[in-house]
Enquirer: 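One structure coming up, written as structure tokens, with questions to follow.
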Protein chains: 2
Amino acid sequence: MSKRRVTVIEVAREAGVSPATVSRILNGTAAVDPEKQRAVEKAIEQLGYRPNVVARGLVTGSSNIIGVLTPDLASPYYSDVLGGIEEALEGTPYSPLIASGHWNRRDELGVLDVLLSHQIAALIVFGSSLSEADLRGLAAGVPLVVLGRRVELGDLGGASISFDDEGGAYAATRHLVEQGHRVIGHIMGDEAHEDAHERLRGYRRALEEAGLPFDGALVTRGDYRVPSGLLGMQRLLDGGKPLTAVFCANDQMAIGARLALYRRGMRVPDDLSLVGFDDQPGSPYTTPPLTSVRLPMREAGLALARFALARLRGETPTVQVPSLELVVRESVVRRR
Amino acid sequence: MSKRRVTVIEVAREAGVSPATVSRILNGTAAVDPEKQRAVEKAIEQLGYRPNVVARGLVTGSSNIIGVLTPDLASPYYSDVLGGIEEALEGTPYSPLIASGHWNRRDELGVLDVLLSHQIAALIVFGSSLSEADLRGLAAGVPLVVLGRRVELGDLGGASISFDDEGGAYAATRHLVEQGHRVIGHIMGDEAHEDAHERLRGYRRALEEAGLPFDGALVTRGDYRVPSGLLGMQRLLDGGKPLTAVFCANDQMAIGARLALYRRGMRVPDDLSLVGFDDQPGSPYTTPPLTSVRLPMREAGLALARFALARLRGETPTVQVPSLELVVRESVVRRR
DNA sequence: CTGTTAGCGCTTTCAT
DNA sequence: ATGAAAGCGCTAACAG
């Protein structure tokens, strides 16, 4: 917390060596006489020297900053990924520079410009509005890892990781079937997102596999936000179908749906069973605790950052896609 | 998204001017012949030039990075503040460099070192484990703004902003009193945090003001996390007091308390009324929607960043402390 | 193993 | 109004 700036020069002088030697010790770039090593360390301590990573970045041509582009800083969904990234970066010389693209291409491009102007060492992008071409263009200039999108980046040394949404939705719906439900509704996610379609597909596959007819009247559109779940549930309820369970494309909408039920005095799961998707932090504590499909966001963040780190070390890593898992809690009742 | 690095030199050559002129145009540092201005802009466009902020930082002695130290990246509570900071920084040349101190002094110090080594222009710290002396030491070297702590920083050009926890708790409890409740429990927050005591104090003041006795057996200790709310409620229920309402020191614990009630088949608010604190994002959608005290975290983030920005402009700003507000929803019933 | 010498890309005097 | 030149603090050849 020193005030005035101490530089390598001063440390070198204090320790009676050259700046280059100080630098070598700092970076472990070459072997150094242990005696001088100690002298330098002492000088650093005494002077309260702290390397200027900006200057270092200028000469090495890259900062030890890893850019992170997220669509939304304040979303718990994404902040878990950030937590994972942070964890992976801990103990490394890298720090995350986080920026939000607000779900739109224009902002994302602008923010990317800022990130890039900081000479970031690598870039991590969460489900963005960028085109595949944009992404590939980016990857050509900086090690890139993308989350939540399937983009071919391997030839450019990048990687993308995405979840098996279809499989997760299949598992969720199948669980309902296994519990004896026969008329199962679905509240879809935002159609603009590929995963909403994947989840619908999984729902459909589970139904068909069980010999249950797919009925369009049992599916209603949402946008992944709470109010749309509430509205969706109302629509489903008013549709007149004898449904006993609803699979919601995410927990947010499940919460909305649950509220709609509450408003009508219907009990969960006794009157209607509910399954969500994402298993967000609060879901174990809703009333009743929500059965959901866990998306390992934190693990994904870890994987993302570890991939980037490995690339930075010059390796050619491969990413493990963390798998989804149905978490059974209390929002589904067994029917017979 | 260019690959090779384009520099001012090349832009200058392309435009037929000196690098100094390009710099002047980039920064608006001095008036320049409009003709050359255009030529330079064209060259920049053509070459796809993007200033290297690292180099710029080296010469100006400061990056346009604003360091943010948060105790926890993945907490929704704090990510709202981040959102506010981000919003305030938008359109300015500054970007946030976010780091997490994991709620302990050692990590915070380490992470601070990283932040500082990036020559951050200003520093924003959320409720940290640092001592007042640490904080004052920091403030001496970099414009500092602290959230959630009362620290005297004015003489160093810094500022701290914190909420009126006592007042918020008073309002919450008083609401319960006004709704006819006479035996009101309290689940306290983590005693290590000053705000837990503040909130207890507000609860107590409201009680006393209403002529209700303060009863230690009605207060139980929690740690601000969900499970502690559940446990706390159980303890309260088993305490044998005829309570009709409980004020929880935060929404997390209120959710836990609500779950405890659900487990015992008790209805909210019919059998017991509940008030929380923080008004976290999910609270409008719990069953029933939770009455809570809104902490304007996003606004706080805005205020924090705006203060820093103003200081960076050389002004001597003052901070407005955003005020708390009781949000009445459906978790409290009127008694008579 | 270690010191000397050049810059990295940019801004900023200082002249003109 | 503009160019030339001098660094910002650090690392990376290159000699020794």
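Order of the sequence lines fixes the chain letters, A, B, ..., with proteins taken first and strands second; residue numbering starts at 1 for each chain.
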Enquirer: Between Thr7(B) and dC8(C), is there a side-chain N or O to OP1/OP2 distance below 4.0 Å?
Expert: no

Enquirer: Identify which nucleotide among dG9(D), dC1(C), dT11(C) has an atom closest to any side-chain atom of Ala31(A), counting heavy atoms from C-beta outward.
Expert: dC1(C)

Enquirer: Check the phosphate of dA1(D) against Lys36(B), side-chain N and O only, distance under 4.0 Å to OP1 or OP2. Yes or no?
Expert: no

Enquirer: Between Asn52(B) (CG) and dC8(D) (P), how many Å, whole number?
Expert: 18 Å

Enquirer: Can you tell me how the ring of Phe126(A) sits relative to the ring of Tyr78(A), calling it parallel under 30°, perpendicular over 60° and tilted otherwise?
Expert: parallel

Enquirer: Starting at CZ of Arg24(A) and ending at C1' of dT5(C), how long is that distance when rounded to a whole Å?
Expert: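 In whole Å, dT5(C) C1' and Arg24(A) CZ are 12 Å from each other.
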
Enquirer: Thr60(B) side chain to Arg56(B) main-chain N or O, any donor-acceptor pair under 3.5 Å?
Expert: yes

Enquirer: Of the options Val11(A), Leu26(A), Val32(A), Val8(A), which is the one that meets Val40(A) in a side-chain contact (heavy atoms from CB on, under 4.5 Å)?
Expert: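 Single side-chain contact (heavy atoms from CB on, under 4.5 Å) partner of Val40(A) among Val11(A), Leu26(A), Val32(A), Val8(A): Val11(A).
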
Enquirer: Step by step, would you call Glu87(A) with His102(B) a side chain to side chain donor-acceptor pair (under 3.5 Å)?
Expert: CA-CA 10 Å; Glu87(A) 181 182 337; His102(B) 311 118; over 6 Å; no

Enquirer: CZ of Arg50(A) versus C1' of dC10(D): gap in Å, rounded?
Expert: 16 Å

Enquirer: Rounding to a whole Å, what distance do you find between Leu26(A):CG and dT2(C):P?
Expert: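 For the pair Leu26(A) CG and dT2(C) P, the rounded distance is 15 Å.
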
Enquirer: Taking only the side-chain nitrogens and oxygens of Asn27(B), find out if one of them lies under 4.0 Å from OP1 or OP2 of dT11(C).
Expert: yes

Enquirer: Tell me the interatomic distance from Arg13(A), atom CZ, to dT4(C), atom P, rounded to whole angstroms.
Expert: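 Distance, rounded to whole Å: 13 Å.
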
Enquirer: Atom CZ of Arg56(B) and atom P of dC8(C): how far apart are they, to the nearest Å?
Expert: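 Computing the Arg56(B):CZ to dC8(C):P distance gives 18 Å.
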
Enquirer: For dT11(D) and Ser23(A) - does any side-chain N or O of the residue sit under 4.0 Å from the phosphate oxygens OP1/OP2?
Expert: yes

Enquirer: Quick check on dG3(C): is either OP1 or OP2 less than 4.0 Å from any side-chain nitrogen or oxygen of Thr21(A)?
Expert: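 Answer is yes, contact under 4.0 Å.
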
Enquirer: Return the minimal non-hydrogen interatomic distance between Leu58(B) and Ala55(A), and the atom names on each side.
Expert: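 Closest pair (atom of Leu58(B), atom of Ala55(A), distance): CD1-CB, 3.5 Å.
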
Enquirer: Looking at every strand, decide which applies to Val17(B) at a 4.0 Å heavy-atom threshold: base, sugar-phosphate, or nothing.
Expert: sugar-phosphate

Enquirer: Need to verify one output field. Residue with the more 5' nearest nucleotide on DNA chain D, Ala20(A) or Ala20(B)?
Expert: Ala20(B)

Enquirer: Gln37(B) has an atom CD; how far is it from atom C1' of dT2(D), in whole Å?
Expert: 14 Å

Enquirer: Take atom CG of Leu58(B) and atom P of dT12(C), then tell me their distance rounded to the nearest Å.
Expert: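 Checked: the CG to P distance equals 12 Å.
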
